[in-house]
Amino acid sequence: MENTRGTSRQILAVALPAFAALVAEPVMLLADTAMIGHLGTPELAGLAVASVVLTTIVGLCVFLAYGTTSAVARSHGAGREAEAGAQAVGGIWLAAGLGVGLGMLAALLARPVSTALASSTEVADHASTYLAISAAGVPAMLLALAATGALRGVLDLRTPLYATVSACVANVGLNAVLIYGLGWGVAGAALGTVVAQWGAAVWLVTTVVRRASADGVSSRPRLAPVLDAARAGVPLLIRTATLRVAVLLATAVAATFGDASLAAYQVTAIVVTFCAFALDAIAIAGQTLTGRALGAGDADLTQALTSQMLRWGWGMGAAIGLVVAALTPWLPAAFTTDPAVVDVLVPALLAAALVQPLSGAVFVLDGVLIGAGDGRYLAVAGAVALVAYAPFALLAGVTDAGLTWLWVAYAGFIAARWVTLEHRRRSGRWIVLG
């Protein structure tokens with residue numbers, strides 16, 4: 001009993017501040033979606049297209065956070081603080097280089113990508129505007145990922161919390177002024193978010209650099225730590241690529257159903273993203289605590305933490321699913337007044353709510369294996385789940401089954417991920433000490 005209380009306290013110490021920081025980020029997306037949604041259905045559909053491109057860019061680079069958390073936590077758990085600092089600084093320089101390159105690419109491809117994914121020319125215009133301006137925030141988003149991962153690795157959860165919440169509040173205020181006060185519409189929403197993102201990035205990076213300097217680590221770019229961070233991130237990049245391909249495929253299929261369905265897809269996707277970030281709080285605890293326990297050579301603690309977090313993942317997922325289902329009759333009014341969008345949105349939200357318990361378990365197992373440095377298996381598991389999902393998503397589009405069945409196919413994707421991850425957990429081959 002005392003051991004259970006001890007693991008619970010460790011998990012809560014990481015999960016609670018991580019939860020608050022994580023949910024603040026999708027609140028920015030929810031604010032953008034709600035404000036833009038009341039401008040009109042084409043604007044909301046345009047945001048759907050731009051958002052999936054931006055979240056794909058950032059999602060592919062999430063290894064900057066996950067990989068850095070795992071590496072820094074292991075070194076920190078083993079008492080090698082200078083090594084942890086070098087890994088943190090290397091991750092930040094890698095994020096800076098990738099951010100500048102990907103931001104420029106996003107700006108250059110804003111129009112052709114928007115045209116390819118949009119359901120109409122008007123939607124493409126709004127998507128291109130939002131994406132071109134938001135490209136300036138890509139370096140900030142990647143820097144924030146790397147810095148947040150480094151701080152989580154040393155159990156500094158407060159700084160990411162304060163920075164993210166501050167950015168969220170600033171974003172909502174700026175968007176209200178720029179969208180409605182100055183009448184800049186979609187462009188104002190994008191600009192307000194970019195300013196908020198850069199504020200958070202500067203705060204987080206400064207904190208990491210100061211901590212590394214205190215441990216005797218130079219903040220100057222050094223090739224070896226940057227290359228180490230890049231090599232460690234390749235398997236996680238592949239793993240994340242499979243997730244983003246699934247999202248891109250779903251967006252493309254939703255676009256074939258028309259503007260109303262694409263707009264409804266955006267709202268459902270944002271709600272699911274919000275749920276995912278909330279559930280990811282336990283996954284973040286999994287990354288941090290698993291890395292520290294394995295670095296300290298404690299296999300029993302690793303197993304105890306995993307079992308406890310998995311129970312919490314199922315429970316939290318069930319609770320979130322019930323809340324979404326209960327709120328479904330009223331949620332659409334917060335995002336749109338178009339009856340055509342509402343008609344499609346309600347059943348889609350219910351379908352998404354049903355899969356949340358399983359999502360909770362999947363996210364926990366994903367976090368534990370990331371913390372264990374089991375990136376190669378995660379890459380293979382992601383590919384298997386994508387292969388299982390793609391035919392059903394495409395079938396929904398070919399048969400014009402509608403948005404609800406597209407989200408049913410997504411439930412199958414989550415189920416495939418659970419099967420592969422649970423198999424790995426039971427095998428025990430991911431437990432590598434030291």
Side-chain angles (χ1 to χ4, degrees), residues 19 22-23 26 29-30 48 51-52 55 59 239-240 242-251 253-254 257 261 264-283 286 309-329 331-332 335 344-369 378 381-382 384-397 401-425:
F19 171 79
L22 286 166
V23 298
L29 293 176
L30 286 168
S51 291
V52 77
T55 53
R239 164 260 185 198
T240 307
T242 63
L243 304 182
R244 298 316 307 172
V245 168
V247 173
L248 285 169
L249 178 60
T251 305
V253 171
F257 300 146
S261 288
Y265 172 80
Q266 166 63 11
V267 175
T268 311
I270 287 299
V271 172
V272 169
T273 298
F274 183 88
C275 296
F277 273 89
L279 292 171
D280 218 24
I282 306 177
M309 287 186 289
L310 194 54
R311 287 192 291 270
W312 287 14
W314 281 105
M316 191 170 178
I320 288 175
L322 287 172
V323 170
V324 172
L327 292 178
T328 291
L331 275 175
F335 299 96
V344 180
L345 181 54
V346 169
L349 284 171
L350 289 173
L354 289 174
V355 78
Q356 294 310 306
L358 189 58
S359 294
V362 167
F363 291 176
V364 167
L365 291 175
D366 197 50
V368 167
L369 295 181
L378 289 171
V384 170
L386 178 62
V387 169
Y389 163 72
F392 293 100
L394 292 171
L395 183 64
L403 190 63
T404 300
W405 283 104
L406 183 60
W407 283 103
V408 171
Y410 167 79
F413 176 63
I414 294 296
R417 289 187 66 197
W418 180 79
V419 169
T420 57
L421 298 179
E422 176 65 9
H423 170 74
R424 186 63 166 181
R425 182 186 74 86

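For clarity, every value in this text was computed on a predicted model and none was experimentally measured. Position 1 is the first residue of the sequence; numbering continues from there.
- The closest side-chain heavy-atom distance from Val344 to Phe257 is not below 4.5 Å.
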Can you list the steps and then say if Val272 with Tyr410 is a side chain to side chain contact (heavy atoms under 4.5 Å, CB included)? CA-CA 11 Å; Val272 169; Tyr410 167 79; 3.8 Å; yes

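- A distance of 6.0 Å or more separates the ring centres of Trp405 and Phe392.
- Counting all heavy atoms, side chain and backbone alike, Ala393 lies closest to Leu249 at CB-CD2, 3.8 Å.
- A pairwise comparison of heavy atoms in Val324 and Cys275 identifies CG2-SG, 3.7 Å as the closest pair.
- With sequence neighbours excluded, the residues that form a side chain to side chain contact (heavy atoms under 4.5 Å, CB included) with Leu243 are Arg239, Phe413, Arg417.
- To the nearest 0.5 Å, atoms CZ (Arg244) and CG (Leu386) are separated by 12.0 Å.
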Could you walk me through whether Ile282 and Leu310 pass side chain to side chain contact (heavy atoms under 4.5 Å, CB included), step by step? CA-CA 9 Å; Ile282 306 177; Leu310 194 54; over 6 Å; no

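- Rounding to the nearest 0.5 angstrom, the gap separating the OG1 atom in Thr328 from the CG atom in Leu345 is 8.0 Å.
- Scanning both residues, Gly313 and Val364, for their nearest heavy atoms gives CA-CG2, 3.8 Å.
- Taking CG of Asp280 as the reference point, atom CG of Asp366 lies at 8.0 Å (rounded to 0.5 Å).
- Rounding to the nearest 0.5 angstrom, the gap separating the CZ atom in Phe363 from the CG atom in Leu358 is 9.5 Å.
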Arg425 and Val368: side chain to side chain contact (heavy atoms under 4.5 Å, CB included), yes or no, with the steps? CA-CA 9 Å; Arg425 182 186 74 86; Val368 167; over 6 Å; no

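- Under the 4.5 Å side-chain criterion, counting only non-hydrogen atoms from C-beta, Pro332 is in contact with Val346.
- Applying the side chain to side chain contact (heavy atoms under 4.5 Å, CB included) criterion to Ala325, with sequence neighbours excluded, gives Leu350, Ala353.
- Closest non-hydrogen pair, Trp314 versus Pro357, comes out as CE3-O, 3.5 Å.
- In terms of heavy atoms, Ala250 sits closest to Leu406 at O-CD2, 3.4 Å.
- Here the shortest heavy-atom pairing between Tyr265 and Val247 reads OH-O, 3.6 Å.
- Residue Ile320 holds its CD1 atom at 4.0 Å from CG of Leu279, rounded to the nearest 0.5 Å.
- The CD1 atom of Ile414 sits 13.0 Å away from atom CH2 of Trp418, with the distance rounded to the nearest 0.5 Å.
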